**Q** 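First, the structure itself, so that you have it in front of you.
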Amino acid sequence: MTPTLDIVVPVYNEETDLAPSVRRLHAYLRAAMPYPARITIADNASTDGTLAVAKDLAASLDGVRVLHLDAKGRGRALRTAWTASDAAVVAYMDVDLSTDLNALLPLIAPLVSGHSDLAIGTRLGRGSRVVRGRKREFISRSYNLLLRTSLHARFSDAQCGFKAMRADVARRVLPLVQDSEWFFDTELLVIAERAGLRIHEVPVDWTDDPDSRVDIVDTARKDLLGIWRLGRALVGGRLPVDELRYSLGREPLLPGVPHGMLGQIVRFCIIGVASTLAYAVLYLMLHSTLGAQAANLVALLITAVLNTAANRAFTFGVRGSANVARHQLQGLVIFGIGLALTSGSLAALHEWVPDAAKHVELAVLIIANLVATLVRFIGLRWVFRTSDLENIR
């Protein structure tokens with residue numbers, strides 16, 4: 001019978017812990033899992049007796065199979081096992097079973113129902129209960145904070161060894177994941193998130209394994225390199241996340257509203273409010289020495305340059321110095337349109353009310369700026385269009 005769930009347990013030199021962990025997992029699946037399930041032991045080129053133990057388990061337990069790889073790497077094992085699986089949902093967990101197995105059904109249920117595409121256990125979410133040292137806790141929280149600031153990730157825990165994915169989605173996403181070791185999880189989640197996939201999070205009970213084989217220093221180094229590589233790929237447009245999103249049917253919920261536009265509007269408005277306040281302060285400061293038209297020109301020019309830089313970085317997620325001069329030049333063209341709108345409004349006011357107070361002038365200019373803001377948003381979406389960049393959030 002084809003299983004609904006295929007749980008991959010990647011192992012390297014785990015001849016002592018493998019048998020009791022797999023037997024415990026097997027017993028739990030038989031007693032508590034309502035869906036047909038299989039355990040796949042993925043041996044990552046072990047040099048001890050792990051492979052022999054795995055084969056004994058497969059021979060003695062129904063629903064256990066062995067996959068042997070000649071090269072190390074958790075990501076490599078998961079990619080190989082998940083891609084070849086005939087199950088509807090693929091998952092993985094660490095051999096030490098640090099995560100309480102009672103979280104398994106809540107993990108996979110949204111995937112079986114089709115509500116979500118990917119599910120992760122989180123040790124950092126509300127409701128999670130974790131037993132581990134302060135050092136590992138600090139490292140884990142720092143790493144996930146780094147992901148949020150550098151890659152704008154919204155998931156809470158990248159490296160918890162307790163994840164599941166719909167197999168049909170996995171086969172579409174995995175070809176884009178380059179890492180074959182510990183950064184595999186992070187890269188998979190970031191790409192999935194950028195492609196608009198729904199990621200379900202399950203708070204877990206998790207107990208640290210004091211005999212963990214993970215080299216923290218080496219893993220941290222490789223994770224930092226992975227973040228740098230993935231960030232560059234997103235900025236440079238080398239990851240076709242838009243095509244992936246389209247192929248998976250993750251178009252916007254509102255017809256005619258491009259993906260990411262609602263978030264862009266919110267960030268654009270926040271920056272716009274700050275720019276308007278800065279403009280008003282500069283205009284009032286310069287009015288007495290430069291006059292209305294010159295004060296409007298200087299205040300608008302300064303805030304336009306700052307506004308373009310802020311929207312480039314935060315609204316449209318563009319990082320680095322590539323094309324920055326071109327973006328600012330195009331932003332100044334849009335500034336020219338705004339200047340025409342505001343200067344024209346000011347000229348019309350002086351034509352109708354020659355002795356208008358500067359506060360009345362400011363009110364008219366702010367209204368004109370609101371119109372110019374709409375033009376600016378449309379213009380900046382063209383400047384930072386997705387044909388140039390793939391990292392629009």
Side-chain angles (χ1 to χ4, degrees), residues 148-152 194 231-239 241-242 252 257-287 290-347 361-393:
R148 288 195 292 274
T149 55
S150 62
L151 297 176
H152 312 294
R194 293 297 182 96
R232 289 184 63 189
L234 290 168
V235 170
R238 293 189 296 276
L239 278 173
V241 289
D242 279 350
V257 179
H259 177 80
M261 178 180 263
L262 295 179
Q264 289 174 358
I265 290 174
V266 172
R267 292 188 291 274
F268 180 83
C269 288
I270 293 173
I271 294 172
V273 169
S275 298
T276 301
L277 292 175
Y279 167 84
V281 171
L282 286 171
Y283 179 81
L284 292 175
M285 289 174 58
L286 298 171
H287 183 277
L290 299 180
Q293 289 288 5
N296 174 57
L297 171 63
V298 174
L300 198 59
L301 179 61
I302 293 174
T303 53
V305 172
L306 297 176
N307 184 283
T308 298
N311 278 304
R312 182 179 190 270
F314 300 108
T315 301
F316 300 99
V318 183
R319 298 291 190 268
S321 59
N323 298 320
V324 64
R326 176 168 67 85
H327 293 157
Q328 279 292 353
L329 182 61
Q330 291 171 329
L332 288 176
V333 172
I334 301 171
F335 153 76
I337 299 174
L339 178 63
L341 286 170
T342 55
S343 296
S345 300
L346 196 60
E361 294 173 345
L362 180 61
V364 171
L365 287 171
I366 289 176
I367 294 173
N369 265 309
L370 291 176
V371 178
T373 296
L374 176 60
V375 174
R376 186 172 186 80
F377 179 74
I378 296 172
L380 288 179
R381 273 190 64 85
W382 174 79
V383 170
F384 304 115
R385 54 197 179 277
T386 56
S387 60
D388 291 337
L389 304 156
E390 289 294 340
N391 68 322
I392 291 179
R393 294 171 289 172

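None of these values were measured; they are calculated from a predicted model.
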**Q** Going by side chain to side chain contact (heavy atoms under 4.5 Å, CB included), Leu282 matches just one of Leu301, Leu277, Ile302, Val298. Which one?
**A** Ile302
**Q** Please give me the minimum heavy-atom distance between Ser275 and Thr303, naming the atom from each residue.
**A** O-CG2, 3.9 Å
**Q** Ignoring hydrogens, what is the shortest heavy-atom contact between Ala295 and Leu290? Give both atom names and the distance.
**A** N-CB, 4.0 Å
**Q** Indicate the atoms forming the closest heavy-atom contact of Tyr279 with Ala299, along with that distance.
**A** CD1-CB, 3.7 Å
**Q** CG/Leu151 to CG/Leu234 distance, rounded to the nearest 0.5 angstrom?
**A** 6.5 Å
**Q** In Å, rounded to the nearest 0.5 Å, how long is the span from CZ of Arg232 to CG of Leu239?
**A** 12.5 Å
**Q** Ignoring hydrogens, what is the shortest heavy-atom contact between Ala368 and Leu341? Give both atom names and the distance.
**A** CB-O, 4.1 Å
